[in-house]
Every structure is written in structure tokens, then in C-alpha cells.
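Encoded as C-alpha cells, the structure appears first; notes follow it.
So you know, we letter chains A, B, ... as the sequences are listed, proteins then strands, and number each from 1.
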Amino acid sequence: MLKTVDVTFSYTKDTSFNFPDIELSPSQPLLILGKSGIGKTTLLHLLAGILSPDKGSIFIKDTNIASMSIKKLDRFRGKHIGIVFQNTITVSSLTVYENLQARLYFSGISNQKGAIENILEQLDLVSVKNQKPNTLSTGQLQRLGIALGVIHKPDIILADEPTSSLDDENCELVIELLKSQAKKSHANLIIITHDQRIKNSFTNTIVL
Amino acid sequence: MNFIKLSYKNIIAKPLQTFLTVLILSLSIGLLLGVKQLNKVFESQLQQSLNGVDMVVGAKGSPLQLVLSAVLHIDNPTGNIPYNEAKKIADNKYIGEAIPISIGDNYKGYKIVGTTVSFVNLHKTGIATGTMFNTTYEVVIGNAVSENLNLNIGDTFSSSHGMIENAIESHDEHPLKVVGILKPTQNVIDRLILTNLESIWHMHEHEGVNNSPDHNHDNEEITALLIKFKNKRGLLHLPRNINKNTNFQAALPKYQLDKLFKLTAIGAKAITWIAFSILFVSGISMFVSLYRMVKERAKELALIRTYGASRNKLILLVFSEGLLVGLFSFILGALLATFCLQTIFSLIKDTYKQQIYLLEYHKDILDLFLFIFGIIIFATLIAIRPIFKMDISKIISHES
């Protein structure tokens with residue numbers, strides 16, 4: 001459940017972004033297409049509560065995150081939003097398993113009913129769960145990135161160019177994984193990309 | 001998963017840097033603790049051994065030597081003085097107590113002191129078992145002497161002439177008999193053998209100093225008089241008077257020891273400053289390692305922010321990393337210092353037959369711990385500055 005109204009953001013006076021309004025019903029996926037430099041990542045960061053808009057409102061589950069205090073926003077983001085980065089970011093000193101543990105710990109969520117074991121199984125990471133991220137293959141690392149973005153069952157899953165560095169086959173696989181994970185936690189999946197290949201996988205598309 | 005675990009993982013992920021920081025930090029902590037304690041123990045041991053002796057009167061010579069030999073029993077005497085003359089000095093309205101001592105003999109390295117019962121009272125001790133020496137050739141021994149030489153009441157032995165053990169010049173014809181053992185004091189008296197003045201005089205009669213058959217001790221000599229003032233104003237006049245108008249020397253133990261401490265304090269101060277410099281360097285090293293953590297792992301910290309951790313939690317994370325390294329170094333340093341001190345103390349016990357205990361060691365440890373804690377907080381405070389300026393959006397969109 002997501003709704004944005006009249007969101008604008010500017011880094012400097014000259015580079016100002018005016019984003020179209022978005023409204024999603026529960027579990028409805030969205031593809032945001034756009035060339036680079038058009039403010040895709042900025043929009044993603046606004047939706048994730050990493051940036052605050054100059055103007056406008058962003059409602060997630062009826063809460064306007066645009067007017068939240070930093071501290072509240074941190075907590076809200078940790079619980080309700082999951083981000084899948086273009087290149088997976090991890091804590092390098094921790095193993096795959098410990099990275100997932102840390103993800104839950106900092107969101108203030110306990111590892112209920114073996115959530116970590118489940119996600120490892122679903123994303124085929126069981127065999128590498130005790131390895132450090134820098135020993136993983138590109139595919140494994142990408143799947144770990146997805147795991148870190150969805151493990152806490154967020155309401156919104158934001159994916160930033162998840163397929164740009166993948167071949168056609170893996171591209172489709174990743175989209176399917178993201179879709180199925182979003183469905184499991186009844187989350188809105190929002191993919192922001194310039195990758196035209198995945199256009200056909202989504203019915204709901206916004207072009208920036 | 002929690003802060004401590006994450007910090008621990010981060011620390012062991014960079015073993016070399018951690019090892020260096022821990023090494024210099026624990027070394028400086030060990031040095032600081034050790035030097036402070038040694039200095040304290042040294043001063044207190046000597047001060048304690050003064051036992052309220054305000055002035056020592058003995059033969060002319062070095063005043064420090066007189067104090068060391070007559071009060072602390074760690075040097076050779078400056079010479080002897082006639083007892084009759086010395087007694088006249090003691091007859092003064094400012095003087096409360098004047099205890100004669102005669103030293104110069106030993107048994108297996110333990111000094112034999114000819115004196116009066118007041119000497120025992122001066123050292124605030126008394127007989128543990130047996131009786132006080134009463135007649136000639138009876139001795140009362142300090143607790144350490146009894147323990148280390150396994151001497152018991154009824155045992156007899158022959159003393160040797162001089163301050164160190166030697167078998168050639170022994171007074172075999174006058175064996176001494178143990179009649180009492182003193183209570184332990186942690187004081188110099190523990191390692192002394194006490195007898196009356198007459199015993200010392202009799203033992204030396206064969207040397208021809210005084211060979212009169214009627215055992216008249218009019219011309220006998222003593223080594224020194226230990227003097228306690230009745231009125232502290234005596235401090236102002238008496239020493240100068242004695243030094244000027246008699247053939248004796250008067251020395252003030254407190255003054256002489258203060259002079260000695262001033263000398264030893266220079267060494268202790270130098271080492272303390274060196275230790276502080278090392279500590280300063282290790283403080284910087286800790287700051288650098290924390291700052292590098294904040295800078296190099298900016299992306300990880302930003303990631304943790306997106307996980308829902310507040311800015312304060314990141315600061316706590318940096319702090320706990322510093323604290324963990326600091327705490328580990330502190331424990332290591334304290335163990336190092338304790339081990340070295342105990343080794344030194346046991347060496348001293350072997351050499352000087354004196355048991356030494358740590359003094360207010362816990363307080364030293366606590367003081368230093370608070371200091372180190374302060375350094376960690378300070379290092380953290382500077383290191384976390386980038387966290388306040390952190391732009392999560394910028395950091396995570398610069399994906400490598």
C-alpha cells in the first residue's frame with residue numbers, strides 16, 4: 001500500500017525533480033522505467049525514506065514518511081521497507097548467515113520460526129551460509145542481496161536495477177524470485193530500472 | 001547477533017591492526033601500573049620502617065648512610081660512638097625516648113642488633129612465642145628470621161662478625177640462644193636478631209676493645225641512638241647543636257629519605273612519562289583504527305542505517321569496537337604488570353628476606369581503567385564525526 005502526492009526533490013537549485021504521483025493497492029507490483037540521470041535512484045531513495053522530499057507526501061500503510069523524524073524514520077524503514085541494491089552491499093566481516101542475523105537484529109525483529117533458514121533454502125544459499133560474502137559467486141551474491149531485502153517481510157520491496165548486469169536467463173530468474181518473495185510477504189514490489197527486457201513482466205509501469 | 005558480536009567480528013577481520021593496537025596499549029598500561037605500584041611500595045616500605053624515629057645520632061659520616069644503617073638496616077654503620085657520651089645527649093627536655101643500638105654482627109646474613117626492649121616497642125610488635133631477652137647471649141628473633149632459617153626457641157647459634165655472612169670471623173665461644181620469636185610486622189624488625197647490649201659487648205671483648213675483668217661497661221660503644229622527640233620543636237635546635245658541638249652526627253630520617261625519594265622519583269617519573277607517551281600513541285592508533293572503520297566501512301554503516309539502525313546505534317557500534325579492544329588490552333596489561341610485580345617481589349624476598357605486598361593495587365587499576373575508558377570515549381568522539389555528516393543516499397548509490 002503506497003501513495004505519493006506531488007513529490008519534489010532538488011539536490012541544487014538547478015537539478016530539481018518532480019515525480020509523478022504513485023498509488024498502489026496492497027501487493028500490487030510496479031515497474032518504474034527511465035533513462036539514467038532522470039532521478040530513478042533519487043525516487044527510490046525517497047520511497048525508502050533515505051532521502052526526504054522538499055515537498056509532497058509519501059504514504060506507506062497510511063503513514064506519511066515525509067514528515068517523520070529521522071529516528072522514527074530509521075525504525076520505520078527497518079521494519080517496513082526492504083531494499084535490493086544493484087550491487088549487493090553486505091557487512092564484509094560477517095558470514096552469509098550472520099549478515100541475515102544482523103539484518104533482523106538492526107530491524108528489531110527476532111529470527112522467528114527459522115526465517116533465516118527458510119530464506120536460505122528458498123534462495124539456494126544453504127551451502128554457502130557460513131561463507132563470507134567476498135567468497136560468493138555473482139549469482140549467489142545477488143541472491144543474498146534479495147534475501148537481505150526481503151527476510152524481514154517488509155511491506156514494500158524496492159529493487160534498484162536488479163537485472164542490469166545479468167544475462168537474459170538470469171534476468172528472468174531474478175525477476176521471478178523478487179515477485180515470488182513479494183507475494184509471500186504480501187509486499188508491493190517496486191523495480192526501478194532502465195532495463196527494457198523486463199517491461200513485459202509487469203502490467204503496472206511508470207515511465208519517468 | 002548483537003553489538004558486541006558484530007564488533008568482535010569486525011575486530012578479528014583485521015588481525016594485524018588489532019594486534020598492533022592491543023600490543024602498544026597493553027604495554028603502556030602494564031608499564032604505568034607497574035611503575036606506579038613499585039614506587040608506592042618502595043616509598044611506603046621505607047616510610048613504614050622509620051617507625052616514628054625522628055632523629056638518629058651516630059658517628060660522623062654520611063647522614064644518609066647513618067639513616068640507612070641504623071633505621072633501615074640496609075647499609076654499613078658509619079662507626080661507633082661512646083655510650084656514656086651518647087647518654088648525655090639523650091638527657092634533653094625535647095627528647096622523649098632514646099634507644100641505643102649496637103650493630104655489626106650477623107648470623108647467616110641476618111643482622112644482630114644489640115638494644116633494649118624499647119626497640120621492640122618502637123616497632124609496634126611483641127613476643128609471639130617465648131620470652132623477651134633477659135640476660136646476656138639470649139636473643140629474640142624476627143618472624144622472617146625464624147621462618148627462613150627454621151630457628152626455634154631453644155636453638156643456639158654463633159654469630160659472625162660483619163654485615164654479611166662469613167664463617168671465618170665467627171664468635172664461636174659465645175653461642176646465642178633463641179628465647180623468643182616476635183610477631184610478624186611486614187617491617188624491618190622481621191629480619192633482625194635482637195639481644196641486649198651486653199651480649200654484643202661481651203662477644204667483642206676478646207678483640208681487646210675492653211678487656212677489663214670487672215665487666216665494667218663505662219667505656220663501651222654503641223652504633224647509634226634512635227631518638228623520638230617529646231616536643232617536635234626539638235627538630236629545630238637539636239640536630240644543629242649536636243652536629244656543631246659534639247663529635248657525633250645527628251641525622252633526620254624523614255629528611256634523608258625525602259632526599260633519596262627525590263632521586264628515585266626521577267627514574268620513576270621518566271618511565272611514567274615514557275609510558276604515557278606510549279599510551280598517547282596507542283590512543284592515536286585506536287582513533288585511527290576507529291576512524292578508518294568509519295571511513296572505509298561507510299557503505300556498511302549506511303547499509304546498517306537502511307536496516308533501521310539509528311545514528312546513535314552506529315555510534316554505539318564504533319564505541320563498542322573501541323571498548324572491546326581497550327578492555328582486552330587493559331586486562332592483558334594488568335596481567336602483565338601483576339606478573340612482573342610478583343616476580344620482582346619474590347626476587348626481593350629472596351634477596352632481602354622481606355615479604356612485600358601490593359599497595360592499593362585495586363585503586364590503581366580502577367584509576368587507570370577510568371583513564372583508558374576516557375581515552376576510548378575521546379577516540380570514539382572524534383572518529384564518529386563522519387557518521388553525523390553521513391549521507392546514506394550518496395554512499396549507497398556510489399556502488400562499486
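Here Ile304(B) is the residue among Leu6(B), Leu301(B), Ile304(B) with the most heavy-atom pairs under 4.5 Å with chain A. For the options Ile11(B), Thr306(B), Ile12(B), Ile392(B), heavy-atom pairs under 4.5 Å to chain A are most numerous at Thr306(B). Put simply, of Ser310(B), Ala13(B), Ala302(B), the one with the most heavy-atom pairs under 4.5 Å next to chain A is Ser310(B).
Counting non-hydrogen atoms of neighbouring residues, nucleotides and ligands closer than 6.0 angstrom, the OH atom of Tyr11(A) exceeds 12 such neighbours. Within 6.0 Å of CD in Gln122(A) there are more than 12 heavy atoms belonging to other residues, nucleotides or ligands.
Atom NZ of Lys9(B) is separated from atom OG1 of Thr95(A) by 6.0 Å, given to the nearest 0.5 angstrom. Separating the CG atom in Leu303(B) from the CG atom in Leu148(A) is a distance of 7.0 Å, to the nearest 0.5 Å.
For Asn2(B), the parts sitting under 4.5 Å from any heavy atom of chain A are the backbone and the side chain alike. Contacts between Ser107(A) and chain B at a heavy-atom distance below 4.5 Å involve backbone atoms as well as side-chain atoms. Contact annotation for Ile70(A): only side-chain heavy atoms (C-beta onward) come within less than 4.5 Å of a heavy atom of chain B. Proximity to chain B (any heavy atom under 4.5 Å) is shown, for Ser92(A), by both the backbone and the side chain. Only the side chain of Lys5(B) comes within contact range of chain A, judged by heavy atoms closer than 4.5 Å.
Shortest non-hydrogen contact noted between Tyr307(B) and Ile89(A) is OH-O, 4.4 Å. Annotation for Glu300(B) and Thr90(A): closest pair CG-O, 3.3 Å, computed over non-hydrogen atoms. Across all their heavy atoms, Thr41(A) and Ser397(B) have their closest contact at CG2-CB, 4.0 Å.
Side chain to side chain, Asn10(B) and Ser93(A) meet the donor-acceptor criterion of an N or O pair below 3.5 Å.
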